[in-house]
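Taking it in order: structure first as structure tokens, then the write-up.
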Amino acid sequence: MTGLGVGNKATVLFSPPLSRYLSPMSASFPPLPPPRPADLLAWYDLNHRRLPWRVAPSDRDDGVVADPYRVWLSEVMLQQTTVAAVKSYFEAFTNRWPSVRDLAAAPEEEVMKAWAGLGYYSRARNLKACAEAVARDHGGRFPETEAALVRLPGVGPYTAAAIAAIAFDRPATVVDGNVERVIARIFAVEDPMPTAKPEIRRLAATLTPEARPGDYAQAMMDLGATLCTPKKPACALCPWIASCRARAGGAPETFPRRSPKAARPTRVGTVHVAVRADGAVLLRRRPPKGLLGGMSEVPGGEWREASLGAGAAAPPLAGAWRRVAGVVEHTFTHFHLELTVMRGDVAHGVAAPAGFWWSAPSDLPGEALPTVFRKAIAAGLGRVI
DNA sequence: GAAGCGTGGAG
DNA sequence: TCTCCAAGCTT
């Protein structure tokens, strides 16, 4: 071993990635040793998380290999979603549909119901479409290259790289929010997000190893999730602390830099919770695309800017309608919503209008209802569903 | 390239 | 309470 010992300042001995530490932009920082993938992998071997979809290094010693279906399913579920939220859904999906062919053969409505509550519902539609594409176009086996994977519905650059690396152990560079944070800190990237994305990707690619790329990808994400966290990073435990320029600068938690976010507007609307004498609730299907696309809902009017006030919405059935006290609040990614809930009690035997159906109390929990409508129904019924 | 698209948990 | 956000993709 030659070269990178403490106090060795002979730049001619440094490997290529270190050159960026000596570039003009880094002049204000002391030279730091480059981050070594092997150090991260050694940390991962001892400190990795045990996750339902993960094949740990020790599992592999026992002959367990990654199942591309489970890798893909977990990666799609984890898009913009926490590990804690995904676990029970992953178990439910893999129990009910153990293979991609099983999922391909499932009715889309059943997939939407099983996905209800997890959010970003276009993922569920794309999940189904992707399973069908794999079954139909690839003989039921996932393609192994990023280029082929990224052509599948709902599989973008991140997910394609993750499947290639984790399921097929190909040296793909996986860049998610965790990796962006780790890289932005290690290299002290000053450009704000999202401007810095291309630079971060380029830097991340310089580190991707040929050895154990799947474990390396998961190690990067575990590092970001458990130590290199958005707030109060646990730098003292980090295998790359000696290489981290953000740490050297004294404020690692301020990376990646971000531009101020726009304020979230408030919208208002009215929903009608029609309750039949037996407790059934009147539902309908939302349009296939757009907000909460393809999911079920209670009928209601348009959601408009709060300054315009809630527009008048026609009840789905004639009868006695009373306003429920208070409003139901729900915050989406890009706006806050306040719903006025109207309740109407309907006699037995009243038929559902065209396009609607009555959902019995025992069926409500299993309906493809987004959380906002579960809240509204709960307010209308005076009990959770 | 920017905007649209959910949710529940952490701090 | 409120802000932020967690393994992004699509259009």
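- Taking atom CE of A/M193 as the reference point, atom C1' of C/dC5 lies 13 Å away to the nearest angstrom.
- A straight line from CG of A/D176 to P of C/dA6 spans 10 Å, rounded to a whole angstrom.
- The distance between atom CZ of A/R49 and atom P of C/dA6, rounded to the nearest whole Å, is 12 Å.
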Summarise how protein sits on nucleotides 4-11 of chain B as a single string, 5' to 3': B when a protein heavy atom is under 4.0 Å from the base, S for sugar-phosphate-only contact, - for no contact.
SBBBS---

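- Closest-nucleotide positions on DNA chain C for A/V155 and A/P230 were compared, and the one nearer the 5' end corresponds to A/P230.
- Within the 4.0 angstrom heavy-atom criterion, no nucleotide atom of any strand lies near A/W72.
- Between the P atom of C/dC9 and the CG atom of A/L149 lies a distance of 12 Å, rounded to the nearest Å.
- Between the OH atom of A/Y158 and the C1' atom of C/dT10 there is a distance of 18 Å, given to the nearest Å.
- Counting non-hydrogen atoms of other residues, nucleotides and ligands closer than 6.0 Å to CZ of A/R141 gives a total of 12 or fewer.
- As judged by a 4.0 angstrom heavy-atom cut-off over every strand, A/P157 is placed among residues touching the sugar-phosphate backbone only.
- A/E199 pairs with exactly one of A/R202, A/K197, A/R201 by the salt bridge (Lys or Arg N to Asp or Glu O under 4.0 Å) rule, that one being A/R202.
- Within the 4.0 angstrom heavy-atom criterion, only backbone atoms of the sugar-phosphate kind lie near A/R258; the bases stay farther away.
- Rounded to an integer number of Å, the gap from CD of A/E180 to C1' of C/dC4 is 16 Å.
- Ring orientation note: the planes of A/H330 and A/F332 are nearly perpendicular, at an angle over 60° on the 30°/60° scale.
- Computed from coordinates, the A/H336 NE2 to C/dC2 P distance equals 9 Å when rounded to whole Å.
- Cation-pi geometry between A/R212 and A/W43 is not met at under 6.0 angstrom from the ring centre and within 45 degrees of the axis.
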A/E329 vs A/H336, test: side chain to side chain donor-acceptor pair (under 3.5 Å). Steps then yes/no.
CA-CA 7 Å; A/E329 296 196 61; A/H336 182 74; 2.7 Å; yes

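- Across the protein-nucleic acid pair, A/R151 atom CZ and C/dT10 atom P stand 14 Å apart, rounded to whole Å.
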Pair A/R123, A/Q79 - check side chain to side chain donor-acceptor pair (under 3.5 Å), show working.
CA-CA 9 Å; A/R123 291 185 297 172; A/Q79 289 167 7; 4.9 Å; no

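- Residue A/R257 places its CZ atom among more than 12 non-hydrogen atoms of other residues, nucleotides or ligands, all under 6.0 Å distant.
- Within 4.0 Å of A/V174, counting heavy atoms only, lies no atom of the nucleic acid at all.
- Residue A/I166 is out of contact with every strand shown, counting any heavy-atom pair closer than 4.0 Å.
- Residue A/R125 places none of its side-chain N or O atoms closer than 4.0 Å to OP1 or OP2 of C/dT10.
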